Amino acid sequence: MAIDYSERIPNNVNLDGDRRLQRALEAWQPEFLKWWGEMGPEGFQSCDVYLRTATSVDAKGWATFGYVKMPEYRWGVFLAEHASDERIGFGEHKGDPVWREVPGEHRGVLRRLIVTQGDTEPASVEQQRHLGRTCPSLYDLRNLFQVNVEEGRHLWAMVYLLHAHFGRDGREEADALLRRRSGSADNPRILGAFNERTPDWLAYFMFAHFTDRDGKFQLGSLAESGFDPLARTCRFMLTEEAHHLFVGEAGVGRVIARTCELMKQHDTDRVGELGGIDLAIIQRYLNFHFSVSLDLFGSELSTNAANYFSAGLKGRFRETDLTDDHRLTESVRRILKPQDGAIVEVEQPALAALNETLRDSYVADCERALARWNKIIHDAEVDYSLALPHRGFNRAIGHFSATSVTPAGEVVTREAWLERQAEWLPTRADREFVASLMKPVTEQGRFSGWIASPVRGINHQPIEFDYVTGLPAA
Ligand code: BYC
């Protein structure tokens with residue numbers, strides 16, 4: 001399963017053996033590079049960045065590290081190895097052999113799922129393109145670029161599926177993925193969170209923590225797909241995704257650690273004048289990114305989600321580990337719903353409520369990470385706890401979108417909510433203050449005053465390693 005890097009498009013899918021597909025992807029490649037030049041990290045394209053590149057897709061050492069200029073990164077097409085059990089694990093086709101080709105009757109929905117997934121990848125690169133200019137350290141700059149090139153590769157992963165399995169429609173969708181733009185009024189990205197700005201590094205770490213974590217769960221459910229090329233593509237993407245989540249969680253954790261250090265040193269909880277970020281501001285950023293990311297799971301009740309599952313296209317997270325009948329036609333579950341000024345639990349068909357089931361898995365994962373952040377605070381002997389807001393708070397999708405819910409889970413009037421919004425979501429003053437801290441630090445081994453240094457470097461290199469060289473003059 002080694003990857004051949006002498007190919008123009010590195011791959012482990014035997015692209016040589018399919019000249020038509022190879023030519024189609026080779027025609028898309030310059031368009032991708034043009035997009036990367038226009039919308040990728042601004043101002044750093046000629047730097048040498050200490051990046052990892054996939055060399056094989058098996059568990060043993062798939063990555064190799066070395067200096068690469070980002071436009072020369074070897075974006076390629078990599079599928080994980082075949083699973084041992086090649087049967088569909090859920091839905092109406094449970095037990096049938098997996099599909100190697102797109103089943104005709106599911107063509108439209110499958111394409112839509114792949115396009116939606118694919119659209120998020122370039123979107124996140126676009127959202128993060130200005131961040132390099134204000135990096136808190138070379139270490140963080142390198143991590144940002146690692147995430148960016150891998151999101152680019154995730155786009156390649158979805159584009160390969162579109163080209164290989166969806167004919168002319170697929171090629172058109174692949175082109176459209178390079179035309180939509182995050183935040184554009186005329187041609188925006190598909191999902192809400194991917195049109196929000198990522199204006200500063202606290203927002204970036206929160207995004208990598210909360211929004212990339214949606215990626216973990218969505219890719220995890222697509223990795224269960226009965227459409228085998230999609231499942232194997234997503235399985236390999238998940239191995240890359242783990243690093244992105246690390247960047248987010250550790251990044252926020254280091255901001256918290258620095259804040260606590262300043263609080264203890266100066267016996268105050270207002271660390272702004274000392275160049276740190278108050279825990280209250282961190283909480284407001286958390287509230288924003290968590291709620292926007294909850295929307296990415298779709299409505300609580302969704303016939304789309306039920307159809308994806310019944311058709312065998314999109315499972316639940318770790319479907320195979322679950323012990324029910326994997327069909328859910330007779331199952332019910334309880335979901336939260338706003339009703340007459342309160343939040344009540346109602347019973348609903350489990351199939352219709354699958355978005356909520358995936359959202360539950362996500363929230364539980366966020367809770368575990370939150371406990372690790374709170375441990376940093378408590379270990380520093382600071383009397384404060386961060387909390388996840390209620391899942392009805394600040395929602396734009398689903399049945400909470402028309403209801404005003406506080407982070408504590410109280411239903412209030414719209415007026416009351418708007419009056420207190422500044423307590424809960426980042427204010428303009430918060431954003432301006434955080435922006436004022438965003439001064440680039442690019443000396444080896446140095447870090448901005450608002451963030452602690454990491455525990456260790458990348459790939460056993462020291463923290464003061466020269467992770468990015470050839471920086472543009474300030
Ligand atoms: N914003 O039936 P519903 C990642 C639309 S992140 C805007 O509830 P469904 C990454 C919906 O499309 C993972 N629109 O939706 C992270 C539908 O539209 P139509 C990305 C939204 O289909 C960081 C309508 O509302 N992968 O990888 O059950 C960096 C009715 O909704 C939103 C995927 O999402 C929204 N938030 O569920 C880089 C996996 N939510 O039909 C990468 C593929 C819903 O009325 N996508 N709508 O036009 C899916 O599985 C589903 O499309 C969704 C939505 C879960 C997103």
Side-chain angles (χ1 to χ4, degrees), residues 108-129 144 146-158 161 173 177 180 182-183 188-196 198 203-225 227 230-231 233-234 236-238 240-245 247-248 289-311 313-317 335 348 351-359 361-362 394-401:
V109 276
L110 198 47
R111 191 184 63 214
R112 188 183 139 131
L113 275 174
I114 292 170
V115 166
T116 308
Q117 177 63 51
D119 190 68
T120 62
E121 316 290 0
S124 67
V125 175
E126 291 166 0
Q127 288 171 297
Q128 295 161 17
R129 68 185 296 249
L144 168 71
Q146 182 71 61
V147 170
N148 290 161
V149 293
E150 286 177 356
E151 301 300 11
R153 208 205 65 71
H154 289 183
L155 170 62
W156 269 93
M158 293 299 121
L161 294 174
E173 293 284 15
L177 285 169
R180 283 188 286 274
S182 174
R189 293 294 171 185
I190 297 172
L191 298 173
F194 294 90
N195 288 304
E196 298 285 346
T198 309
Y204 168 62
F205 290 135
M206 290 286 180
F207 179 97
H209 182 79
F210 287 112
T211 307
D212 275 80
R213 195 172 302 275
D214 169 50
K216 167 180 169 182
F217 285 87
Q218 298 292 349
L219 290 172
S221 344
L222 295 173
E224 303 285 340
S225 183
F227 179 47
L230 174 62
T233 299
C234 291
F236 185 64
M237 288 165 77
L238 279 166
E240 292 167 315
E241 199 66 39
H243 173 69
H244 307 184
L245 294 175
V247 169
H289 287 273
F290 179 67
S291 56
V292 166
S293 302
L294 284 182
D295 276 340
L296 292 172
F297 292 84
S299 314
E300 290 78 3
L301 297 177
S302 163
T303 42
N304 285 343
N307 292 340
Y308 297 151
F309 184 86
S310 298
L313 303 177
K314 182 181 176 190
R316 289 167 292 177
F317 190 67
I335 63 165
Q348 293 291 338
L351 267 180
L354 277 169
N355 284 342
E356 196 62 5
T357 300
L358 195 59
R359 194 164 12 239
S361 306
Y362 170 83
N394 193 40
R395 294 289 303 282
I397 299 281
H399 56 210
F400 285 108
S401 58

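Computation of the quantities below employed the complete heavy-atom set of this structure, encompassing side-chain atoms and omitting hydrogens, waters and symmetry-equivalent molecules. Every number for a ligand or one of its atoms is a count from 1 in the order of the listing. Note that the coordinates shown come from a computational prediction; the quantities given were computed from them, not determined experimentally.
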Query raised in the report: Between R189 and E126, is there a salt bridge with N-O shorter than 4.0 Å?
Result: yes
Report task. If the plane angle is over 60° it's perpendicular, under 30° parallel, otherwise tilted; pick one for F210 and F290. Result -> perpendicular
Requested in this report: For the pair K314 and E224, find out whether any cationic side-chain nitrogen is under 4.0 Å from an anionic carboxylate oxygen.
Outcome: no
Query raised in the report: If you measure from each heavy atom of I114 to ligand 1, is any distance below 4.0 Å?
Result: no
Query raised in the report: Taking the minimum heavy-atom distance to atom 22 (O) of ligand 1, which of N355, N304, N307 ranks first?
Result: N304
Query raised in the report: When rounded to the nearest 0.5 angstrom, what distance separates CZ in F217 from CZ in R316?
Result: 14.0 Å
Report task. Return a yes/no value for T116: is any of its N or O atoms, backbone included, closer than 3.5 angstrom to an N or O of ligand 1? Result -> no
Query raised in the report: Hey, which of N355, D214, I397 is the one that makes side chain to side chain contact (heavy atoms under 4.5 Å, CB included) with L296?
Result: D214
**Report entry** Residue-ligand contact Y308/ligand 1, heavy atom below 4.0 Å
**Finding:** yes
Query - Atoms of ligand 1 close to R112 [distance to a heavy atom under 4.0 angstrom, numbered from 1] - result: 12 (O), 17 (C), 18 (O), 19 (P), 41 (O)
Query - Any non-hydrogen protein atom less than 4.0 Å away from atom 9 (P) of ligand 1 - result: yes
Query - Check against side-chain hydrogen bond (donor to acceptor under 3.5 Å, both in side chains), H243 and E150 - result: CA-CA 10 Å; H243 173 69; E150 286 177 356; 5.9 Å; no
Query raised in the report: Of all the non-hydrogen atoms in the protein, which one sits nearest to atom 21 (C) of ligand 1, and at what distance?
Result: I397 CD1, 3.7 Å
Query raised in the report: Considering E300, Q117, Q218, which one's heavy-atom position lies nearest to atom 27 (O) of ligand 1?
Result: Q117
**Report entry** Location of contacts on H154 toward ligand 1, heavy atoms closer than 4.0 Å
**Finding:** neither
Query raised in the report: For atom 24 (C) of ligand 1, is some protein heavy-atom partner under 4.0 Å away?
Result: no
Query - L191 N/O under 3.5 Å from ligand 1 N/O - result: no
